[in-house]
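To start, the structure itself, in structure tokens.
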There are 4 protein chains.
Amino acid sequence: MNIQSQPRHIMDRREQILQATANLIAECGLQASPMSKVAKSACCGAGTIYRYFETKEDLVRELYKELTTQMNQACLQDYDRAACIKVRFYTIWGNFYRHMSSNPRDCALMEQLSASPAICCHFKDEAMEPLRQEVDQLIDEGKQQQLFKELPNETLAMFTFGSLASIAKKQHNMAEQCQPANVYETQNLLNLCWDAVKA
Amino acid sequence: MNIQSQPRHIMDRREQILQATANLIAECGLQASPMSKVAKSACCGAGTIYRYFETKEDLVRELYKELTTQMNQACLQDYDRAACIKVRFYTIWGNFYRHMSSNPRDCALMEQLSASPAICCHFKDEAMEPLRQEVDQLIDEGKQQQLFKELPNETLAMFTFGSLASIAKKQHNMAEQCQPANVYETQNLLNLCWDAVKA
Amino acid sequence: MNIQSQPRHIMDRREQILQATANLIAECGLQASPMSKVAKSACCGAGTIYRYFETKEDLVRELYKELTTQMNQACLQDYDRAACIKVRFYTIWGNFYRHMSSNPRDCALMEQLSASPAICCHFKDEAMEPLRQEVDQLIDEGKQQQLFKELPNETLAMFTFGSLASIAKKQHNMAEQCQPANVYETQNLLNLCWDAVKA
Amino acid sequence: MNIQSQPRHIMDRREQILQATANLIAECGLQASPMSKVAKSACCGAGTIYRYFETKEDLVRELYKELTTQMNQACLQDYDRAACIKVRFYTIWGNFYRHMSSNPRDCALMEQLSASPAICCHFKDEAMEPLRQEVDQLIDEGKQQQLFKELPNETLAMFTFGSLASIAKKQHNMAEQCQPANVYETQNLLNLCWDAVKA
DNA sequence: AATGAATGAGTCTTCATTCAT
DNA sequence: AATGAATGAAGACTCATTCAT
């Protein structure tokens, strides 16, 4: 029973183009990634891209969507709503940091695309919605149990998000060869976050 | 005693172009800001820009440098190396947050340019060097006094930097009309940071 | 007794494609009618078109040929060479005007294709040849009977042709909903033509 | 006292491009006249065209406008509203025929552009407005004096227009080398028209 | 020094045509 | 025979940069 409704080779083609785009933009930047190069990198004709994506803008948006979806999924892996607040906090943000840390390309890509006016704000927010909701509820419950500081949810969330993302990014810039974040290091960073937000 | 070697009106011209560039890029993005528009916005001919900046890349780099210099200066305002660690910590990062918070345009600009491969890493680091050194020393001393967690300086610095920057940015996105950060709010955010890094 | 050498369904396919092409070009113009749209409109794959027509140019030429053939046939309907000059004159040009008037799509199409350098002059002339010959002979006989002005046949023919075509076209432009030309109106127009050419 | 508000060389450039466009479209057709060829033919860079015309569509529209304006002016040359109907009729349509006859390029161009969906109907009508008004008034007066048949003005106008245009066009097609219409011939054609419309 | 017209390489995108299935 | 995915050449248009005035 195949879960995909589309034939295999179609999915491959689309994915092939998305991967080529990701590699190219991560390396050269959005403006230095013309469709002709994307095509060459994806081993297809320029026109082929337009069978899968309406415009370059659409292509970039879909790439962003895929990156975000993967990140959301990674963050919520093994996440158990029944667990205690601290475990849930460490799970989500640990997942987040490990994901960013072990995928330098996607990390750089997300930073670049997030900052780019090429993707509209509304779309960005929408893509992050699933994770945002989960984090929002976590903070709500944490506040009820008086574990967290009494600051706006958005503030606490962005604080953690921004700090971990910055560190992952910095790490990539310093060591071009990127060994995955070790357990010890990740734990320390999560402690920083926890100490920050806890009441 | 004039510190500038160039005549006054020349500086004005240069500054005029930089401001026009800043406004345009902040509003439209780097790729949607052609030199012709910059020229129009700066009320000068397109050719004139090239008397002050070698290329568009150079113009953007110089803009980034100016933004960074201003941010560095803002951060170190009233900074007293003789003061105690906590005061110094609150001074620098308070300055930083207030600067980001009250200059939405520059905040958005720095995010965009920082993420852009149009400016090379080396150049970015260089521009931040003065602030980095000061923060580095602050953390060193803090560690000596066993006030800070035993994590790499880079980590502690990026943690604070990234979290505050993210919050400022988020704030701008949410409320397009940007009232400057009030004292109370800023204090709370600095407490978050301090709690995070303190031993 | 089937006059056609090709099997029935093949003809249908070909006709289907020609009709789709006609509708599309009439509505969107030649340049805005790509083969892919023609295929979709004809409910077949793009490749299928090339089994019936060598190139797009060929397709358009064949369409023009069909339109012209139909027009020629329409003009010569009930045409009796034994009738008197005036009757024959009114028959041919009456048929012509009614045909143009009641087929706005084909009228617009012929105008567009006639004006297009995409179809060469030689081909256009050839397609009109049957009608041209008949008209030519009519004018010859009319001149013999001193009913017509002593002007070149081509001139007299084009005069009538051009004037009626222009009026039909204008009519379509003015009233987008096109009721077929009524008898009275047509009669008046033919009177104009007759008065023009008669000696 | 210079009637032109724009500097001389600007006008030249624009005119240069319009002429190149006219020649190219007349020879190759609209679809076979890419901007790159227009540029080469006008001896300028492709980008230069866009300083004078917003898009290719705009360029073609402006060309059509110029052609129509020239035709309108030609038609109304020596036209005296105080003259008698017949003289006015012969003046306008004689001018028209001589203009079409002696400018094969513009004649072919107008036919092609008139038939093209690239220029919208509204624009076409607008361009012809001055001449249309004059002809309209002429026919009104003619009818008052019971010189003309009682048919709609539009019909009488299009009849004359269409017939003369068709003949001019035909003439060009037949003799590629185009001697200007001689007096005798023109007079005969106008007689055809006059006989057609007169009561 | 200042201007802005001119340039043409480079960008995105379309589309006639082919060919593997 | 029919399909439609793939191709890549070609088109419209943009824009960093130059240079004559």
Side-chain angles (χ1 to χ4, degrees), chain A residues 7 9-10 12-14 17 31-40 42-60, chain B residues 7 9-10 13 31-40 42-60, chain C residues 7 9-10 13 17 31-40 42-60, chain D residues 7 9-10 12-14 17 30-40 42-60:
Chain A
H9 70 282
I10 295 274
D12 287 352
R13 206 48 135 150
R14 205 188 117 100
I17 293 167
Q31 6 176 14
S33 299
M35 292 300 254
S36 55
K37 271 194 191 173
V38 171
K40 195 167 291 180
C43 296
C44 70
T48 304
I49 300 176
Y50 289 86
R51 291 201 66 79
Y52 299 93
F53 305 94
E54 290 195 10
T55 61
K56 187 182 184 184
E57 199 188 335
D58 182 42
L59 168 60
V60 173
Chain B
H9 71 280
I10 296 271
R13 210 39 141 160
Q31 9 177 10
S33 299
M35 294 297 257
S36 56
K37 272 194 191 172
V38 171
K40 193 171 293 180
C43 298
C44 70
T48 306
I49 300 176
Y50 288 84
R51 296 203 67 79
Y52 298 94
F53 305 95
E54 290 195 11
T55 63
K56 188 184 184 184
E57 200 188 333
D58 181 42
L59 167 59
V60 173
Chain C
H9 71 280
I10 296 272
R13 208 47 138 154
I17 293 168
Q31 7 178 12
S33 299
M35 293 297 258
S36 56
K37 272 194 190 173
V38 171
K40 192 171 293 180
C43 296
C44 71
T48 306
I49 300 176
Y50 288 85
R51 294 204 67 80
Y52 298 94
F53 305 95
E54 291 195 10
T55 62
K56 187 183 184 184
E57 200 188 333
D58 181 42
L59 167 60
V60 173
Chain D
H9 70 281
I10 296 273
D12 285 353
R13 205 48 133 155
R14 206 188 114 99
I17 293 168
L30 187 53
Q31 6 176 15
S33 299
M35 293 299 256
S36 55
K37 270 195 193 172
V38 172
K40 196 168 292 180
C43 297
C44 71
T48 304
I49 300 176
Y50 291 86
R51 292 201 67 78
Y52 298 94
F53 305 94
E54 290 194 10
T55 61
K56 187 183 183 184
E57 200 188 332
D58 182 41
L59 168 59
V60 172

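Quick note on labels: first sequence line is chain A, next is B, and so on, each numbered from 1.
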Among [options], the nucleotide that comes nearest once only the side chain of [X] is considered:
X        : options                  : value
Pro34(B) : dC15(F), dT7(F), dC15(E) : dC15(F)
Met35(C) : dA6(F), dT13(E), dT17(E) : dT17(E)
Thr48(B) : dT7(E), dT17(E), dT3(E)  : dT3(E)
Tyr50(C) : dT17(E), dT13(E), dA2(E) : dT17(E)
Arg13(C) : dT3(F), dT17(E), dT18(F) : dT3(F)
Arg51(B) : dT17(E), dA6(E), dA2(E)  : dA2(E)

Please report the shortest heavy-atom distance between [X] and [Y], naming the atom on each side.
X        : Y        : answer
Tyr52(A) : Ile17(A) : CD1-CD1, 3.8 Å
Arg13(B) : Cys44(B) : NH1-CB, 3.5 Å
Tyr50(C) : Thr55(C) : CE2-CA, 4.2 Å

Whole-Å distance separating the [atom1] atom of [X] from the [atom2] atom of [N]:
X        : N       : atom1 : atom2 : answer
Leu30(D) : dG11(F) : CG    : P     : 13 Å
Arg14(A) : dA6(F)  : CZ    : C1'   : 18 Å
Lys56(D) : dT13(E) : NZ    : C1'   : 15 Å
Phe53(C) : dT18(E) : CZ    : C1'   : 18 Å
Lys40(A) : dC12(E) : NZ    : P     : 13 Å
Lys37(B) : dG4(E)  : NZ    : P     : 18 Å
Tyr52(B) : dT17(F) : OH    : P     : 18 Å
Leu59(C) : dC15(E) : CG    : P     : 15 Å

**Request:** Can you tell me the pairing partner of dA10(F) across any strand shown, Watson-Crick or G-U wobble, with both distances under 3.5 angstrom?
**Result:** dT13(E)
**Request:** Look through every strand shown and name the nucleotide pairing with dA20(E) as Watson-Crick or G-U wobble, where both distances are under 3.5 Å.
**Result:**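 Partner of dA20(E): dT3(F).
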**Asked** If you round to the nearest 0.5 Å, how far is OG1 of Thr48(D) from CE of Met35(D)?
**Response** 11.0 Å
**Prompt:** Between atom CD of Glu54(B) and atom CD1 of Ile49(B), what is the distance when rounded to the nearest 0.5 Å?
**Reply:**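 CD1 of Ile49(B) is found 14.5 Å from CD of Glu54(B).
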**Message:** Here's a test of your reading of the structure: between Ala32(C) and Ser33(A), which maps to the more 5' nucleotide of DNA chain E?
**Reply:** Ser33(A)
**Request:** For Gly47(C) and for Gln31(A), locate the closest nucleotide of DNA chain E by heavy-atom distance; then report the residue assigned to the nucleotide nearer the 5' terminus.
**Result:**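 So the residue in question is Gln31(A).
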**Message:** With nearest nucleotide decided by heavy atoms, which residue, Ala46(A) or Ser36(D), maps closer to the 5′ end of DNA chain F?
**Reply:**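 In this pair, the answer is Ala46(A).
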**5′-ward residue of the pair Glu57(D)/Cys43(A) relative to DNA chain F** = Cys43(A)
